[in-house]
Amino acid sequence: MKAINRRQAFALGGGFVMLTLMPMAADAEVANDAAKWIEKFTGGKDPAKGKVSLDLPEIAENGNTVPLTVAVESPMTAESYVKEIMIVADGNPNAGVATLSFTPLSGKAEAAIRIRLAATQNVIAIAKMSDGALFTEQKVVKVTIGGCGG
Amino acid sequence: MADKPRIKLPKEAAKGEIIQIKTLVSHMMESGQRKDAQGKPVPRKIINKFTCEFNGKPVFSCALEPAISANPYIQFNARVDEEGTFKFAWTDDDGTVITAEEKIALKA
């Protein structure tokens, strides 16, 4: 076997650079239109942290069905209630998950659904109050098996 | 597919009580992301809207996206001030609506 010459060494080095860059490129592709969904919902305003509690498993073994519970502190009276809660997932092919609408008749601003997650990602909930105030919370969910078919 | 939706709520409640309602409807919730054996994408077919009304007044509703699991399970709450009927409706992408009703009485 002949020794590696200078040119081949350079080619090898280039290959390594490509390999290390590739995972980053893949990450960028996964990023979806979550920001657009959020902007449409908030109208460009920055939601404050707090009031919202988002309950999700830390590690989801099966991304096909991940239980999610969202609740917002609110008296839920005709004067002050939670109007809507939007849930987005920033690593799914489509960012939107669900938009929940409440009324004072809901009694409690709390709901539970089961969602699909394609990969490990952030799940974000944004609540819109009847007076227009916005609150947010987010959670990272590690997904072992993705849930968007293949 | 047109299985009866499953709904769980108490038969009666005290006036002003907040009750929990659990619903589950059978639906494959085809996300539109999967491909069939020929490699063609399977068209999206999901329940895109769920609503719940009590005596004609809206209680809870939600817009659903393909990121909702198959056989969508939705749990929410309702305040009961009077006896009456809850009406539930699930709207499919193809326009069909699955409906259900449940009555609730006030505790004496």
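Every chain is numbered from 1, with letters handed out A, B, ... down the list of sequences.
Residue A/Met76 touches chain B through its backbone alone, counting heavy-atom pairs closer than 4.5 Å. With a 4.5 Å cut-off on non-hydrogen atoms, B/Pro72 does not touch chain A at all.
When each of A/Ala98, A/Ala111, A/Ser106 is checked for heavy-atom pairs under 4.5 Å with chain B, A/Ser106 comes out on top. Looking only at heavy-atom pairs under 4.5 Å with chain B, the residue among A/Gly107, A/Ser101, A/Ala95 that has the most is A/Ser101. Comparing B/Cys62, B/Ser61, B/Ala78 by how many heavy-atom pairs each has under 4.5 Å with chain A, the most go to B/Ser61.
A salt bridge is defined here as a Lys NZ or Arg NE, NH1 or NH2 lying under 4.0 Å from an Asp or Glu carboxylate O, and B/Glu102 with B/Lys8 fails to meet this definition.
Expressed to the nearest 0.5 Å, how far CD of A/Gln121 lies from CG of A/Asn32 amounts to 7.5 Å.
For an aromatic pair to be called close, the ring centres must be under 6.0 Å apart, and B/Phe60 with B/Phe54 fails this.
Heavy-atom proximity under 4.5 angstrom to chain A picks out B/Ile18, B/Leu24 from residues 17-24 of chain B.
By the rule that hydrophobic residues join a cluster once side-chain heavy atoms approach within less than 4.5 Å of another member, A/Trp37 and A/Ile113 end up as members of separate clusters. Follow the hydrophobic side-chain contacts under 4.5 Å out from B/Ile7 and you reach B/Val80 in the same cluster.
Side-chain contact of A/Asn94 with B/Glu65: a donor-acceptor pair under 3.5 Å is absent, judged by distance alone.
Contact record, A/Ala118 with A/Pro93: CB-CD, 4.0 Å, taken as the closest heavy-atom pair.
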Take A/Tyr81 and A/Phe102 through the ring pair (Phe, Tyr, Trp, His ring centres under 6.0 Å) test and state the conclusion after the steps. CA-CA 8 Å; A/Tyr81 63 97; A/Phe102 299 89; 9.4 Å; no

